[in-house]
Protein chains: 2
Amino acid sequence: MHAERWETTLGRVLELTVLLGRDMADSLAREGLTESRAHLLWRLQQRGPCTQRTLATDMHITPRAITALVDGLVATGFVTREPHPSDRRATLVTFTERGRATAHGLLDSYHRLARQLFADLPDDTFDGFDAGLLHVITRLRDVVAAKTTE
Amino acid sequence: MHAERWETTLGRVLELTVLLGRDMADSLAREGLTESRAHLLWRLQQRGPCTQRTLATDMHITPRAITALVDGLVATGFVTREPHPSDRRATLVTFTERGRATAHGLLDSYHRLARQLFADLPDDTFDGFDAGLLHVITRLRDVVAAKTTE
DNA sequence: TATTGTTATACTCTATAACTATA
DNA sequence: TATAGTTATAGAGTATAACAATA
């Protein structure tokens, strides 16, 4: 195995991230969403109504950033701020009908994309791809962990 | 092949992009760079000194955004604006010594990362991963092209 | 008239710090 | 005293539009 092949392949990984990022940003823009706001809707769908603090911890961004994202999503009609039943400091971020429908649409798009990318891939190639992905993700976690320790 | 596997694997692809993005942003911050500014340095290294217009076309962002990025890179000492020898409207964005050294450093980091991710991957797994990547990138280009045509 | 890069203006994402209301 | 969310302030990236200098 030669280093040139590794570098070519890493180049492909980077190209994939760029293409995927552009495609997702484009699709989201058609729904009136940005990547950050869609991320919030995604988390909200998985957790159900929750406090902004929960979302901040979940999404690894500050409470201030959540306030800004929720402001935008409220203004565009995807979510509402509801009072927390037992803690009057907190708010429960909650889907509007439109928000719920949009989140379902995002899930559909995700399924459709998975099919488009993988449906016509031979089984053994798919397996190799998946195995390689797992390996690379593990390595990457090690790299990140090593840096954090430094 | 079941749809669930496609979705799990797409999830891994997304996780990879997130991890890679975080790792790169962290490394760049240590050099006093952002991803956008590093992208500009990367293109500059591949093309040599060039006009802002060229960079704008190259990086798929507006001339205004290039002005902002170059302003930042000039202020932090990575590049200078030099007069264009034959067109007095244009400027040639050019590396400083520090800029050139940093760009070389980025290239080194790239090589090192490729080695860290792939060096201990069995040859056949690597081949499967690479083949899958190629396929997925091709599919993704089709998807993007289909949307643009719409 | 077309092009290069700028200024003017605006929106989004994010961060830190100070503050209010509540626990 | 600690926590939830806000306001204040700041910096980065990007976009469109109007403009100056030059081609």
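Here the structure is a predicted model, which means the values were calculated and not measured. Here is how names work: the chains are called A, B, and so on, in the same order as the sequence lines, proteins then strands, and each is numbered from 1.
B:R53 has no carboxylate O lying under 4.0 Å from a charged side-chain N of B:D87, or vice versa, which leaves the two without a salt bridge. Under a 4.0 Å N-O distance rule, the pair B:D71/B:R81 qualifies as a salt bridge.
Interatomic distance, CG of A:L106 versus NE2 of A:H39, reported as 12.0 Å (0.5 Å rounding). Interatomic distance, B:I137 CD1 to B:D142 CG, rounded to the nearest 0.5 Å: 12.0 Å.
Annotation: proximity of residues 79-95 of chain B to DNA chain C (heavy atom, distance under 4.0 Å) is found for B:R81, B:R89, B:A90, B:T91, numbered in ascending order. Residues from residues 42-52 of chain B that place a heavy atom under 4.0 Å from any atom of DNA chain C, listed by number: B:T51, B:Q52.
Contact annotation: A:T34 does not reach the phosphate of C:dT12 (side-chain N/O to OP1 or OP2, under 4.0 Å). Using a 4.0 Å cut-off, no side-chain N or O of B:T62 falls inside it from OP1 or OP2 of D:dT14. The phosphate of D:dT14 has OP1 or OP2 within less than 4.0 Å of a side-chain N or O from B:S36. Remark: B:R64 is not in phosphate contact with D:dG13, judged by side-chain N or O atoms under 4.0 Å from OP1 or OP2. Contact between the side-chain N/O atoms of B:T67 and the OP1/OP2 oxygens of C:dT6 is found at a separation under 4.0 Å.
Atom CG in A:L40 sits about 10 Å away from atom P in C:dC13, given to the nearest Å. What separates CD1 of A:I66 from C1' of D:dT7 is a distance of 17 Å, to the nearest Å. The separation between A:D71 atom CG and C:dT12 atom P is 11 Å, rounded to whole Å. Remark: P of C:dA15 and CD1 of A:I61 are 7 Å apart, rounded to the nearest angstrom.
The B:R53 side chain lies nearest to C:dG5 when the options are D:dT16, C:dG5, D:dG5.
If you check every strand for non-hydrogen atoms under 4.0 Å, A:L69 touches sugar and phosphate atoms only.
Aromatic rings from A:F95 and A:F78 are positioned such that their centres are separated by 6.0 Å or more.
Using the six-membered ring where Trp is involved, A:F129 and A:F118 have ring planes that are tilted, between 30° and 60° apart.
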- Start with the C-alpha gap between B:T54 and B:T57, add the side-chain angles, then the distance that decides, and say whether side-chain hydrogen bond (donor to acceptor under 3.5 Å, both in side chains) holds. CA-CA 5 Å; B:T54 302; B:T57 305; over 6 Å; no
- Task: Step by step, work out the ring pair (Phe, Tyr, Trp, His ring centres under 6.0 Å) result for B:Y110 and A:W6.
- Result: CA-CA 10 Å; B:Y110 181 83; A:W6 301 338; over 10 Å; no
Identify all side-chain donor-acceptor contacts of residues 15-23 of chain A below 3.5 Å with residues at least two apart in sequence or on another chain.
{"unit_1": "A:E15", "atom_1": "OE2", "unit_2": "B:R141", "atom_2": "NH2", "d": "2.4"}
{"unit_1": "A:T17", "atom_1": "OG1", "unit_2": "A:L14", "atom_2": "O", "d": "2.7"}
{"unit_1": "A:D23", "atom_1": "OD1", "unit_2": "B:K147", "atom_2": "NZ", "d": "2.8"}

